[in-house]
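In the text below, chain A, chain B and the rest are named by the order of the sequence lines, each starting its count at 1. The basis for the numbers below is simple: all heavy atoms, side chains too, and nothing from hydrogens, waters or symmetry mates.
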Protein chains: 2
Amino acid sequence: MQYTLKQLRYLVAVAEYGSVSVAARSLFISQPALSAAIAQLENSLGLPLLIRHHARGISVTPAGRQFLARARGLLGHANELELLGRELGDSVRGELIVGCFMTLTPFFVPKLLKNLHQSHPELRVQLAEGALDQVQAALLAGETEIGLVYDIDLDHQLATEELTRVRPHVLVASNHRLATHSAVSLSALATDPMILLDLPHSRDYFRSLFLDAGAEPIIRHRTQSFELVRGLVGQGHGYSVLNLQPHSNRTYDGGRVRCIPIEDPTTDLAIAIARPRDLQLTHRAAAFSTVCRRFFADG
Amino acid sequence: MQYTLKQLRYLVAVAEYGSVSVAARSLFISQPALSAAIAQLENSLGLPLLIRHHARGISVTPAGRQFLARARGLLGHANELELLGRELGDSVRGELIVGCFMTLTPFFVPKLLKNLHQSHPELRVQLAEGALDQVQAALLAGETEIGLVYDIDLDHQLATEELTRVRPHVLVASNHRLATHSAVSLSALATDPMILLDLPHSRDYFRSLFLDAGAEPIIRHRTQSFELVRGLVGQGHGYSVLNLQPHSNRTYDGGRVRCIPIEDPTTDLAIAIARPRDLQLTHRAAAFSTVCRRFFADG
DNA sequence: ATTTTGTATTAATTTTTTTTATGCAATATA
DNA sequence: TATATTGCATAAAAAAAATTAATACAAAAT
């Protein structure tokens, strides 16, 4: 059998007090318990550590002295690890890996991290961006501890907490025939070509919007890039349906687009925090979650 | 309660196999035992380490991953300590602290260390010279592991092993009236002044020699230095009785001395290895002891 | 010689660890 | 859609380990 940390702690105490019984008292255990533990340690190492004197305590053998020095080192190391463990659980500092759905990232993460840094300056966030299914897989695999996602069709093992809802809108070029309308119905676009933001769960959501409105889009282009959707729309390749809306109506390549509300009743999309259902959040993750809630509550 | 090394080892295995049950098999323990150990570790740290998946093993939480990395480090450290412990017991290398009676040292230690180095090149000896009672105290206090001593009146707690015996002789200046005698009786020196090598146990031994011969020395000088005894004798301050005899008859200051056998029946003095009685020798100390025996057996 | 001191030993007890058996929830399979 | 399988958790029982109380023992102090 191998030695235990407890045995080492006992040994250190005995060496410090120069006496088994005094050490036992200070450790709040009985003298025989301590005696036995030391004897066991000596046996497991095959190395005598103490010289027993009668009626005058013990002294440490030369080999024991060398061993003791290193044993103290190990105990120090063990204490550090314990502290780390507690800190990983208790404190709001160190590293937090956050999964984030790639479309959401540029809209919210910059300000979010700013807020987070104000509340918890010692917390370092590392982002893991990806499509919804990637964010989800990372959460389940324990690669990330918490994620910022659209709450569409997520795995049952993930718990979500809604932060806000975003309404879908139609995006057209500023010179589109409907650009000046204050609202459009999806069926009014039935003959126009559509640019689809084609990401795992998103695509199903967009499809469901049309189904609910009794329409069927003609898909001209599919892309996974939000900005490419805007660019294509801006250059008149077709319209699109999106939920988020950048501050500027200019696309990267200078095109102009316009957002138009949808007339049909639509299902809004929930932006949410996701996390493994039955895993207690660390304080770090909880802090992130709180900051997110505050951020969206304040608009 | 604090965590244990065993729990850490278990955790590492589980993380490595990605499964509690597979790890349990590889550790030759039952799955519930492992399950419980991990749960206990998590509780003691207040930190969830694993995400349990149904029917598909476990994964490690992000915090768990950080903890795990350090835990591996600690286990490595613990193994090193175990190795050190075994080596301190088993191997003939590293450091050995040898107590040595100061009078004996210059006569034997240089060659002894040479022999020792030949047999055990990795063994480093550190000498702790002193009077007999100091050597003895160091042994009992565990400061030295083994000692080279005269076997006079040693503590009962020390075990000795005789290496050789040395006969006492009379030392006189080369121009002393008895210098040419082939042997002298101690009573023949009754009127001469004596130079006493005055060291704790030695002094009693010398006195006993005279008592046994029915004589009483007139002590003119006392000193703790062997060479000063010789010097004083060489300059005609008196005679002395000693057991060891350097190769040269010249003293440090150029005086000449002569050794004369003692006619009376004398008690020879035993040179011996001493060690704490009920302390098993380390291999290092045993090696030293063996080399000593061989050295004195070969003359 | 007697008491005191401090460790070792023994047997009994308590605590902890481990096992066997079973439950439960999700996944894989038919 | 039901059924079997997988893999972790839980419960009760058993085994092992740690601890204690009582005592023996040897040396030191008185």
In whole Å, what is the span from the [atom1] atom of [X] to the [atom2] atom of [N]?
X	N	atom1	atom2	answer
His54(A)	dA24(D)	NE2	P	17 Å
Tyr10(A)	dA17(D)	OH	P	16 Å
Tyr17(A)	dT7(C)	OH	P	14 Å
Leu27(B)	dT18(C)	CG	P	10 Å
His53(A)	dT7(C)	NE2	P	10 Å
Ile58(B)	dT6(D)	CD1	P	18 Å
Leu140(B)	dA28(D)	CG	C1'	13 Å
Gln7(A)	dA18(D)	CD	C1'	11 Å

Next item on the list: Mind listing the residues from residues 29-47 of chain B sitting with a heavy atom below 4.0 Å of DNA chain C? Number order is fine.
Entry: Ile29(B), Ser30(B), Pro32(B), Ala33(B), Gln40(B)
Item checked: Close aromatic pair by centroid cut-off 6.0 Å: Tyr205(A) and Tyr150(A) ->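 No, they do not, as the ring centres are separated by 6.0 Å or more.
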Note to self: Regarding Arg203(B) and Gln224(B), do their side chains bring together a donor and an acceptor under 3.5 Å, going by distance alone?
What the structure shows: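 No, no side-chain donor-acceptor contact under 3.5 Å.
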Check: Can Ser289(B) and Arg293(B) be counted as having a side-chain donor-acceptor contact under 3.5 angstrom?
Finding: yes
Next item on the list: Return yes if some donor-acceptor pair links the side-chain N/O of Glu145(A) with the main-chain N/O of Val98(A) below 3.5 Å, else return no.
Entry: no
Phosphate OP1/OP2 of [N] contacted by [X] side-chain N/O (<4.0 Å):
X	N	answer
Lys6(B)	dA16(D)	no
Ser19(B)	dC8(D)	yes
Arg56(B)	dA26(C)	no

Notebook entry, point to check: Between Val149(B), Asp151(B), Leu140(B), Val135(B), which is the residue that forms a side chain to side chain contact (heavy atoms under 4.5 Å, CB included) with Leu158(B)?
Noted result: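 The passing option is Leu140(B).
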Check: Can you say whether the rings of Tyr3(B) and Phe67(B) are parallel (under 30°), tilted (30 to 60°) or perpendicular (over 60°)?
Finding: perpendicular
Checklist line | Residues Arg165(A) and Asp268(A) bridged, charged N to O under 4.0 Å | finding: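 Salt bridge flag = no for Asp268(A) with Arg165(A).
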